[in-house]
*Asks:* 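First, the structure itself, so that you have it in front of you.
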Amino acid sequence: MHIIEEDGRRNTRTEHSIRVAIVYHSGYGHTARQAEAVADGVRQVGGSSPLLLAVEEAQQRLDDLHAAHAIIFGAPTYMGAASASFKAFQEATSQVMMAGGYQWRDKIAAGFTNSGARAGDKLSTLLQMVLFAAQHGMHWVSLDLPPANNSRSGSESDMNRLGFWIGAAAQSNTDEGPDTAPPEADLATARHLGARVARVTRDFVRGRDLPCA
């Protein structure tokens, strides 16, 4: 329980345990590693816990998603768009969560994606996620990292080495398995996203509980 002083008045509010759901699809295991890194980032923020769900399971646990304070979406980029399995999850939510009265309204949202090419049209996938979140009335959280590896002093070990703003992007060589790809820089970027979403969600929930003036 927290006590807040406001103009001599004492108000109390209950500390929340922040639950951040991470819903993802992974075709070959690379995006799953990225999702696990996002979950690790959530754990770095005190009072926050991740709920890691592959899309196949997520469609059976919509009540858990409804109860989460934030949802981070993840999918590989195939042919310039999110994978078909992730798209199927998106479409399934419209029949339940939206038709049921915008049940995800005012949740925090963010996203991540992975592809074999450095660019790979990943921006297209992230924009699809932004629009999806907007259709649900959610609040999108950006990556909040400057682009890196864009000068002579930069390196492939820099976070956000691929230079994305909307969400976390990763690149996995097509001849490498998920045991070595995506590289550590991209996993660190994913952890950064998870921690940022957890902090923003914590602040959002606390702010919502403050008494009105």
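Positions are given from 1 along the sequence. Predicted, not measured: the structure shown is a model, and the values here were computed from it.
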*Asks:* Are F73 and L187 joined in one hydrophobic group, where the rule is that I, L, V, M, F, W and Y side chains link up if heavy atoms are under 4.5 Å apart?
*Replies:*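 No; tracing contacts between hydrophobic side chains, which count when under 4.5 Å, never links both residues.
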*Asks:* P182 versus R33: any side-chain heavy-atom pair under 4.5 Å?
*Replies:*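 Contact flag for P182/R33 side chains = yes.
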*Asks:* Nearest 0.5 Å, please: how far is CG in D106 from NE2 in H69?
*Replies:* 12.5 Å
*Asks:* Work out which heavy atom in A37 is nearest to a heavy atom in A190; give both atom names and the distance.
*Replies:* CB-CB, 3.8 Å
*Asks:* Transitively linked via ILVMFWY side-chain contacts under 4.5 Å: L127 with L131?
*Replies:* no
*Asks:* Please work out whether the ring planes of Y28 and Y78 are parallel, tilted or perpendicular, with thresholds of 30° and 60°.
*Replies:*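 Ring orientation of Y28 relative to Y78: perpendicular.
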*Asks:* Is there a path from V45 to L52 through hydrophobic residues (I, L, V, M, F, W, Y) whose side chains come within less than 4.5 Å of each other?
*Replies:*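 No, it is not one cluster - the side chains of V45 and L52 are not joined through contacts under 4.5 Å.
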*Asks:* Kindly compute the distance separating OG1 (T125) from CE (M79), expressed to the nearest 0.5 Å.
*Replies:* 12.0 Å
*Asks:* Report the C-alpha distance between V205 and T201 in whole Å, list the side-chain angles of each, state the deciding distance to 0.1 Å, and finish with yes or no for side-chain contact (heavy atoms from CB on, under 4.5 Å).
*Replies:* CA-CA 6 Å; V205 171; T201 304; 4.2 Å; yes
*Asks:* Say you draw a straight line from CZ of R202 to OG of S17; how long is it, rounded to the nearest 0.5 Å?
*Replies:*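 That separation rounds to 12.5 Å.
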*Asks:* For the residue pair S85 / S83, report whether a side-chain donor-acceptor contact shorter than 3.5 Å exists.
*Replies:* no
*Asks:* Quick check on the hydrophobic clustering: are M159 and L193 connected, directly or via other members, by side-chain heavy-atom contacts under 4.5 Å?
*Replies:* yes
*Asks:* Does the gap between the ring centers of F204 and H139 come in under 6.0 Å?
*Replies:* yes
*Asks:* Using 0.5 Å steps for rounding, measure from the NE2 atom of H192 to the CG atom of D144.
*Replies:*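 One finds 5.0 Å between NE2 of H192 and CG of D144.
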*Asks:* Give the minimum heavy-atom separation between S115 and G120, together with the two atoms involved.
*Replies:*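 For S115 and G120, the tightest heavy-atom pair comes out as OG-CA, 3.9 Å.
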*Asks:* Consider side chain to side chain donor-acceptor pair (under 3.5 Å). Of T113, D121, N114, which one does T77 pass it with?
*Replies:*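 Checked T113, D121, N114 against T77; only one passes side chain to side chain donor-acceptor pair (under 3.5 Å): T113.
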*Asks:* Taking the six-membered ring for Trp, are H136 and W104 parallel (under 30°), tilted (30 to 60°) or perpendicular (over 60°)?
*Replies:*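 Tilted, since the angle between the ring planes falls between 30° and 60°.
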*Asks:* I'd like a table of donor-acceptor pairs (distance under 3.5 Å, sequence neighbours excluded) in which one partner is a side-chain atom from residues 160-171, with atom names and distances.
*Replies:*
| unit_1 | atom_1 | unit_2 | atom_2 | d |
| --- | --- | --- | --- | --- |
| N160 | OD1 | G163 | N | 3.4 |
| N160 | OD1 | F164 | N | 2.9 |
| N160 | ND2 | L145 | O | 3.1 |
| N160 | ND2 | P146 | O | 3.3 |
| N160 | ND2 | F164 | O | 3.0 |
| R161 | NE | D186 | OD1 | 2.8 |
| R161 | NE | D186 | OD2 | 3.4 |
| R161 | NH1 | E156 | OE1 | 2.6 |
| R161 | NH2 | Q171 | OE1 | 3.1 |
| R161 | NH2 | D186 | OD2 | 2.9 |
| Q171 | NE2 | G116 | O | 3.0 |
| Q171 | NE2 | N173 | OD1 | 2.8 |

*Asks:* Roughly how far apart are T93 OG1 and L65 CG, rounded to 0.5 Å?
*Replies:* 9.5 Å
*Asks:* Taking I71's backbone N and O only, do any of them form a donor-acceptor pair with K107's side chain (distance below 3.5 Å, no angle check)?
*Replies:* no
*Asks:* For residues R118 and K122, report the shortest heavy-atom separation together with the two atoms involved.
*Replies:*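 Closest approach of R118 to K122: O-NZ, 2.9 Å.
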*Asks:* Does the S94 side chain pair with the main chain of Q90, one donor and one acceptor, at a distance under 3.5 Å?
*Replies:* no
*Asks:* Which pair of heavy atoms, one from M129 and one from G111, lies closest together, and at what distance?
*Replies:*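 Of all heavy-atom pairs spanning M129 and G111, the closest is SD-CA, 3.9 Å.
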*Asks:* Minimum heavy-atom separation for I72 to G194, with atom names?
*Replies:*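 Answer, listing the atom of I72 first, then G194: CD1-CA, 4.3 Å.
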*Asks:* Restricting to non-hydrogen atoms, name the atom on A133 and the atom on A109 that form the minimum distance, rounded to 0.1 Å.
*Replies:*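 Answer, listing the atom of A133 first, then A109: CB-CB, 3.8 Å.
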*Asks:* The criterion is side chain to side chain contact (heavy atoms under 4.5 Å, CB included); which residues satisfy it with V200, sequence neighbours excluded?
*Replies:*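 Listed in chain order: I108, V141, R196.
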*Asks:* Working to the nearest 0.5 Å, report the span between OG of S155 and CG of N149.
*Replies:*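 The CG atom of N149 is 6.0 Å from OG of S155, to the nearest 0.5 Å.
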*Asks:* CG of D175: more than 12 outside heavy atoms within 6.0 angstrom?
*Replies:*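 Yes, because the 6.0 Å sphere around CG of D175 holds more than 12 heavy atoms from other groups.
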*Asks:* After noting the C-alpha distance and the side-chain angles of Y24 and V38, does the key distance pass the side-chain contact (heavy atoms from CB on, under 4.5 Å) rule?
*Replies:* CA-CA 11 Å; Y24 72 95; V38 171; over 6 Å; no
